[in-house]
Amino acid sequence: MRDRITGSEALMRALQTEGVTTIFGYPGGSIMPVYDALYDYTRGQTKCFDHILVRHEQGATHAAEGYARVSGEVGVALVTSGPGVTNTLTGIADAMLDSTPIVVIAGQVPITALGTDAFQEVDLVGVAQPISKWSYQIRHADDVAWAVSRAFYIARTGRPGPVVLDFAKNAQTELTDWQPCRVDFVRSYVPYPKLDSEAVSRAAELINGARRPLALVGQGVELAGAQDELKALLEKADIPAGRTMLGLSALPSDHPLNVGMLGMHGNYAVNLKEQECDVLIAIGMRFSDRVTGNLKTYARQAKVIHIDIDRSEIDKNVKTDVAVVADCKESLPALTALVSKASHAEWRESFRQLDERERTLVIEPAIHPTDGPLLMGEVVNAVAEQVRRDAILVTDVGQNQLFATRYFKYYHKRSICTSGGLGTMGFGLPAAIGATFGAPGRQVCCFMGDGGFQMCIQELGTIMEQQTPVKMILMNNNYLGNVRQWQDMFWQRRKSFTRMMNPCYEQIAVGYGIPYQAVTDRRDLAAAVSRMLSTDGPFLLECAIKEDDNVLPMTPPGMNVNDMMLSLNEE
């Protein structure tokens, strides 16, 4: 005889079946039966879940993202209907653009009330469909096991992404015959395309004939767990490699073939060399506008090889000569087997001259200034010099993100967690909370500006309750710094509503019981960082930053990728 249980109990068992151990959530009326079932699964001998009570539903999705990014597992958010789930939409869209596997489970009014404008009713499936891999409404308890298994299968396979389950309240309370379900096939969904050996051969032929090859490495390498396979290819064919922002930890910072970060605020040499290489190998990246600049002039001289699991990315922005549509874990070894052992010493050396120019004009003045207020670059560098090699960088969005990603160091896989495609201010703090649960034992350093910090500042309550060991570095310049920089550069210095009146962060930290220190003098910076990193649990380090500190180098929007400015005085 089968076990008769409620739909809510079935959800608990289905999550167990999927290996879920951590849930980020916020209860409410339409999800209350699930939370009642969850009670017994978070206590005593039957405990199998850690439920993290966030302070806002947006925080739940970003925390689930942070968990997923650093663990490689699916993050889970549990919320109620109406405003509870609409608050998650920013996180869902963020996860979609950055290929982050999360499952958002939301309460819904009973099916008998659908379409009546019932209290906190919203058409979640309709709203979420364009910004998720799959959205589905569970209308009956009998559907729970299948829907949950399918949701996790879609979220974690192929190019990962968010899935949304809309759980009607009647389905939560109905009885069903429990039987585990394992979905491993969905008609018309092909998560892992068959590797085309002919395409691999043509790609190898181009690489073997190249004199100036350049690889562009994206997050797809991390998502596939193909970091070792990437190094094997690069080292055999002696190919210098630039990394996208989300792909920064796919190749260690100190690897001799690492030539820096791509993009608008990336490194000087690699951006210029994109316009000189003869073969461009894009691996697990999507040719974002922040990488390419003006598409009409981008890498016109090069033969382009695009290796990606998602066929829809091929030729979407940049026309390719050879497309290898497959998982990097499979395609990179196949390509490595066919490429010849090579040496491109002269080509690699040409990067060094440009690197030295950037170091002299930009990097050294940014990380080792001699006078004036603190700079963001020196704060990031001071932290990077003291953290463990397996430390995880989490950032918010804005200048803090751009400085942090440039000057942090990456030696371990899955070491960066930032909002790339959507550029979500408020992402940093809750994502850092999720990261501490996804990678316990690793240091989590979260860099934030004063604007982004205040967008999800309520998650300090979650940190207080959980004592999550997030090391928070607040780089306070009293401005929405990135917008201010653009206003100065492109809008005749008309600073329209970018100056911030900020609260006393020390009093806020005291209110949440979080250790705090302020730094206004660079002579105190190293000691303050040391205190932060050696303190058990959370810590808030506030650094008073020069108000008009600017991120450089920079390719102005719409310009050619090689029109990169090393100073604001360049025409």
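For F351, the ring-ring contact (aromatic ring centres under 6.0 Å, His included) test picks out W347, with sequence neighbours left out. F403 meets the ring-ring contact (aromatic ring centres under 6.0 Å, His included) test with no other residue; sequence neighbours excluded.
In this structure, K413 places its NZ atom where only 12 or fewer heavy-atom neighbours from other residues, nucleotides or ligands lie under 6.0 Å away. Crowding of R311 atom CZ: a count of heavy atoms from other residues, nucleotides or ligands under 6.0 Å not exceeding 12. Environment of OH in Y153: crowded, with over 12 heavy atoms of neighbouring residues, nucleotides or ligands closer than 6.0 Å. For CG of D536, the number of neighbouring non-hydrogen atoms (other residues, nucleotides, ligands) closer than 6.0 Å is 12 at most.
Atom CD1 of I92 and atom NZ of K133 lie 14.5 Å apart (nearest 0.5 Å). The CD1 atom of I105 sits 7.5 Å away from atom CD1 of I31, with the distance rounded to the nearest 0.5 Å. Atoms CD1 and OG1, from I309 and T157 in turn, are 8.5 Å apart once rounded to the nearest 0.5 Å. Note: L262 CG to M245 CE = 10.5 Å, rounded to the nearest 0.5 Å. One finds the OG atom of S530 at 11.0 Å from the CG atom of L525 (value rounded to the nearest 0.5 Å). Atom CG of L230 is separated from atom SG of C328 by 8.0 Å, given to the nearest 0.5 angstrom.
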Can D549 and M475 be said to form a side-chain contact (heavy atoms from CB on, under 4.5 Å), step by step? CA-CA 11 Å; D549 194 8; M475 300 197 288; over 6 Å; no
Candidate pair L53 and R55, rule side-chain contact (heavy atoms from CB on, under 4.5 Å), full reasoning: CA-CA 7 Å; L53 177 65; R55 299 309 190 258; 3.9 Å; yes
Quick one, L257 with I239, criterion side-chain contact (heavy atoms from CB on, under 4.5 Å). Give me CA distance, side-chain angles, the key distance, then yes/no. CA-CA 7 Å; L257 291 172; I239 303 172; 5.8 Å; no
Evaluate the side-chain hydrogen bond (donor to acceptor under 3.5 Å, both in side chains) criterion for residues T46 and D40: first the C-alpha distance (whole Å), next the side-chain angles of each, then the deciding distance (0.1 Å), finally the verdict. CA-CA 7 Å; T46 58; D40 292 328; 5.8 Å; no
Give the C-alpha distance, both sets of side-chain angles, the deciding distance and a yes or no for side-chain hydrogen bond (donor to acceptor under 3.5 Å, both in side chains) between Y505 and Q454. CA-CA 10 Å; Y505 292 111; Q454 292 183 77; 3.1 Å; yes
Can you list the steps and then say if M12 with L38 is a side-chain contact (heavy atoms from CB on, under 4.5 Å)? CA-CA 7 Å; M12 298 299 105; L38 182 62; 3.7 Å; yes
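Closest approach of I463 and P538 over heavy atoms only: CG2-CB, 3.5 Å. Shown here for L480 and M425, the closest heavy-atom pair between the two residues is CD2-CE, 4.1 Å. Nearest heavy atoms, R243 versus L248: NH1-O, 2.5 Å. Here the shortest heavy-atom pairing between V394 and A431 reads CG1-CB, 4.1 Å. S8 approaches V34 most closely through the heavy-atom pair OG-N, 3.4 Å. When all heavy atoms of L332 and E229 are compared, the closest pair comes out as CB-CB, 4.0 Å.
Between D390 and R388 there is a salt bridge, since a side-chain N of the basic residue sits under 4.0 Å from a carboxylate O of the acidic one. Salt-bridge formation is detected for the pair R182/E18: a Lys NZ or Arg NE/NH1/NH2 atom is positioned less than 4.0 Å from an Asp or Glu carboxylate oxygen.
Relative orientation of the Y35 and H51 rings is perpendicular, given thresholds of 30° and 60° on the angle between their planes.
A donor-acceptor contact shorter than 3.5 Å is absent between the side chain of E9 and the backbone of A37. Side-chain N or O atoms of K471 include one that pairs as donor or acceptor with a backbone N or O of G537 at under 3.5 Å. With S149 contributing its side chain and A145 its backbone, the two residues share no donor-acceptor pair below 3.5 Å.
The side chain to side chain contact (heavy atoms under 4.5 Å, CB included) test with F447 singles out one residue from L393, T418, D396, and that residue is L393.
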Please report, to 0.1 Å, the donor-acceptor pairs under 3.5 Å made by any side chain of residues 216-226, with sequence neighbours excluded.
{"from": "Q219", "atom 1": "NE2", "to": "D98", "atom 2": "O", "distance (Å)": "3.0"}
{"from": "E222", "atom 1": "OE1", "to": "Q227", "atom 2": "NE2", "distance (Å)": "2.5"}
{"from": "E222", "atom 1": "OE1", "to": "R414", "atom 2": "N", "distance (Å)": "3.2"}
{"from": "E222", "atom 1": "OE2", "to": "S249", "atom 2": "OG", "distance (Å)": "2.3"}
{"from": "E222", "atom 1": "OE2", "to": "R414", "atom 2": "N", "distance (Å)": "3.1"}

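Contact check for E385 versus V529: no side-chain heavy atoms found under the 4.5 Å cut-off. In this structure, V387 and F408 have side chains that are in contact, with non-hydrogen atoms separated by less than 4.5 Å.
Side chain to side chain, N476 and N502 meet the donor-acceptor criterion of an N or O pair below 3.5 Å. No side-chain donor from either of R286 and T244 sits under 3.5 Å from a side-chain acceptor of the other. Side-chain atoms of E73 and Y67 form no donor-acceptor pair, as typed in the model, at a separation below 3.5 Å.
At least one cation-pi condition fails for R156 and F152: the charged atom is not both under 6.0 angstrom from the six-membered ring centre and inside a 45 degree cone around its axis.
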